[in-house]
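A short write-up of the structure that comes next.
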Amino acid sequence: MKTRVLAGLAMVPLLFIVYGGGPVLALSAAVISGVAVRELFDGFKNMDIKASGVVAFAALVLLYGAHFLFPGERELLIPWIVLSVVASSVYIFKIDKHKIEDALATILGIVYVELFIYHVVLVDESPYPMLKWMIFITAFCTDIFAYFTGYFLGKHKLCPNLSPKKTIEGAIGGIVGTAIASVAFAFFFVPGEMAKMALLGILGAIVAQLGDLTASAFKRKMGIKDYGNLIPGHGGIMDRFDSVIFTAPMVYYFIVFFMAG
């Protein structure tokens, strides 16, 4: 538990980055994406899958280059996705060196890591930039409440084949605790949207746990315990941001469909 607390303190600078928003947040998202996709590709190597770091890095540079050069032009995301898939497919033209799985893993890294994390930036530039905090509230509060609820009350395993320590009680505690935290956030910052924030908290907690379990499933297939050792007690960037990868798109599309008009 002490290690988890220290690891949590190590994430404090993230609060200032999120608060500042703008270019600093975008650059931080780019760096986090770069490290995370590298960790994911290193994990694939254990499965003898050689995803292209060059293609993924080029896609990342193109994504954030377009973001800074053409601000607000979100329709550019579609051709970016198309180009990324094309480049990943061309990567296996050397059929004596690469497999279909190499191209598919490359596409997965670009979409699952780079595109999903980019939604943090999209939320920051939406009509409700304050809701970028909900990305991290739903991701991190779910983890905290689920951990302590499971620690004290957990009896029934949730997904023992993926994460042996997670319990059904912990999952429920994570959802309830995050819903309460979301309402508290709404009370102080968006008092007119408390019901929507409660719903967002519930959905976010569910999605956050799906993100965590998805990353665990990848690790099981890869035969690794952690994606890295950058963060004490949490492993690598992928281990810490696996929930954020799922909550960022969820919050953005919640704004699009339930908040914007």
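In this text the structure is predicted, and so the values were computed from the model without any measurement.
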**Report entry** Criterion side-chain contact (heavy atoms from CB on, under 4.5 Å) on Leu158 and Glu169, from CA distance to verdict
**Finding:** CA-CA 8 Å; Leu158 180 64; Glu169 292 82 2; over 6 Å; no
Query raised in the report: Hey, is NZ on Lys99 packed in by over 12 heavy atoms from elsewhere, all under 6.0 Å?
Result: yes
Query raised in the report: If two hydrophobic side chains count as joined below 4.5 Å and joins carry through other members, does Ile168 share a cluster with Leu162?
Result: yes
Query raised in the report: Can you tell me if Lys132 uses its side chain to pair, donor with acceptor, with the backbone of Val18 under 3.5 Å?
Result: yes
Query - Hydrophobic cluster membership, Leu69 vs Leu60, 4.5 Å side-chain cutoff - result: no
Report task. With rounding to the nearest 0.5 Å, note down the distance linking CD1 in Ile135 to OG in Ser243. Result -> 12.5 Å
Report task. Mark yes or no for whether Thr167, through its side chain, and Gly154, through its backbone, hold a donor-acceptor pair below 3.5 Å. Result -> no
Query - Residue pair Thr138 / Met134: nearest heavy atoms and the distance that separates them - result: OG1-O, 2.6 Å
Query - Option among Ile32, Leu25, Leu27 that satisfies the side chain to side chain contact (heavy atoms under 4.5 Å, CB included) test with Ile17 - result: Leu25
Requested in this report: Rounded to the nearest 0.5 Å, what's the gap from CD1 on Ile81 to CD on Glu114? Could you check?
Outcome: 11.5 Å
Report task. Please indicate whether Leu83 has more than 12 foreign heavy atoms, meaning atoms of other residues, nucleotides or ligands, lying under 6.0 Å from its CG. Result -> yes
Query - side-chain contact (heavy atoms from CB on, under 4.5 Å) assessment of Tyr19 paired with Trp133 - result: CA-CA 8 Å; Tyr19 176 78; Trp133 290 103; 3.8 Å; yes
**Report entry** Thr142: side chain to side chain donor-acceptor pair (under 3.5 Å) partners, not counting sequence neighbours
**Finding:** Thr178
Query raised in the report: Same hydrophobic cluster for Val85 and Leu62, using side-chain heavy-atom links shorter than 4.5 Å among ILVMFWY?
Result: yes
Query raised in the report: Do Tyr128 and Phe189 share a hydrophobic cluster (ILVMFWY, side-chain heavy atoms under 4.5 Å, transitive)?
Result: yes
Query raised in the report: How far does CD1 of Ile255 sit from CZ of Phe258, to the nearest 0.5 angstrom?
Result: 12.0 Å
Requested in this report: Mind running side-chain contact (heavy atoms from CB on, under 4.5 Å) on Arg38 and Val113 for me, showing each step along the way?
Outcome: CA-CA 10 Å; Arg38 181 70 271 168; Val113 177; over 6 Å; no
Query raised in the report: Are Asp102 and Lys50 within salt-bridge range, i.e. N to O under 4.0 Å?
Result: no
Requested in this report: Could you pull out the closest heavy-atom pair between Leu76 and Ala66, with the gap in Å?
Outcome: CD1-CB, 4.4 Å
Report task. Name the orientation class of the two ring planes belonging to Phe44 and Phe41 (parallel below 30°, tilted from 30 to 60°, perpendicular beyond 60°). Result -> tilted
Requested in this report: Write out all pairs satisfying side-chain hydrogen bond (donor to acceptor under 3.5 Å, both in side chains) with one or both partners inside residues 78-95, taking only residues at least two apart or from two chains.
Outcome: Tyr91-His98
Requested in this report: Please tell me if the side chains of Thr247 and Tyr252 come closer than 4.5 Å, counting only heavy atoms from C-beta onward.
Outcome: no
Query - Atom pair CD1/CZ of Ile206 and Phe246 - distance to nearest 0.5 Å - result: 13.5 Å
**Report entry** Test item: Glu39 side-chain N/O and Met238 main-chain N/O as donor-acceptor pair under 3.5 Å
**Finding:** yes
Query raised in the report: After noting the C-alpha distance and the side-chain angles of Asp242 and Lys219, does the key distance pass the salt bridge (charged side-chain N to carboxylate O under 4.0 Å, His left out) rule?
Result: CA-CA 12 Å; Asp242 51 8; Lys219 286 189 289 187; 5.5 Å; no
Query raised in the report: Are the charged groups of Lys225 and Asp239 less than 4.0 angstrom apart, N to O?
Result: no
Requested in this report: Over all heavy atoms of both residues, which pair between Gly201 and Ser182 is shortest? Give the atoms and the distance, please.
Outcome: CA-OG, 3.2 Å
Requested in this report: Verify the cluster assignment for Phe93 and Leu104: are they in a single hydrophobic cluster under the rule of side-chain heavy atoms below 4.5 Å apart?
Outcome: no
Query raised in the report: In Å and rounded to the nearest 0.5 Å, what is the CG to CG distance from Leu122 to Leu77?
Result: 6.0 Å
Query raised in the report: How are the rings of Tyr112 and Phe116 set to each other: parallel, tilted or perpendicular (split at 30° and 60°)?
Result: perpendicular
Query - Non-hydrogen atoms of Lys157 and Pro164 that approach each other most closely - result: NZ-O, 2.8 Å
Query raised in the report: Passes ring-ring contact (aromatic ring centres under 6.0 Å, His included), Tyr118 versus Tyr64? Steps please.
Result: CA-CA 9 Å; Tyr118 183 67; Tyr64 285 89; 5.4 Å; yes
**Report entry** Check against side-chain contact (heavy atoms from CB on, under 4.5 Å), Asp212 and Ser216
**Finding:** CA-CA 6 Å; Asp212 184 35; Ser216 294; 4.3 Å; yes
Query raised in the report: Can you tell me if CD1 on Ile95 sees more than 12 non-hydrogen neighbours from other groups inside 6.0 Å?
Result: no
Query - Spatial distance of atom CD1 (Ile49) from atom CG (Leu108) [nearest 0.5 Å] - result: 9.5 Å
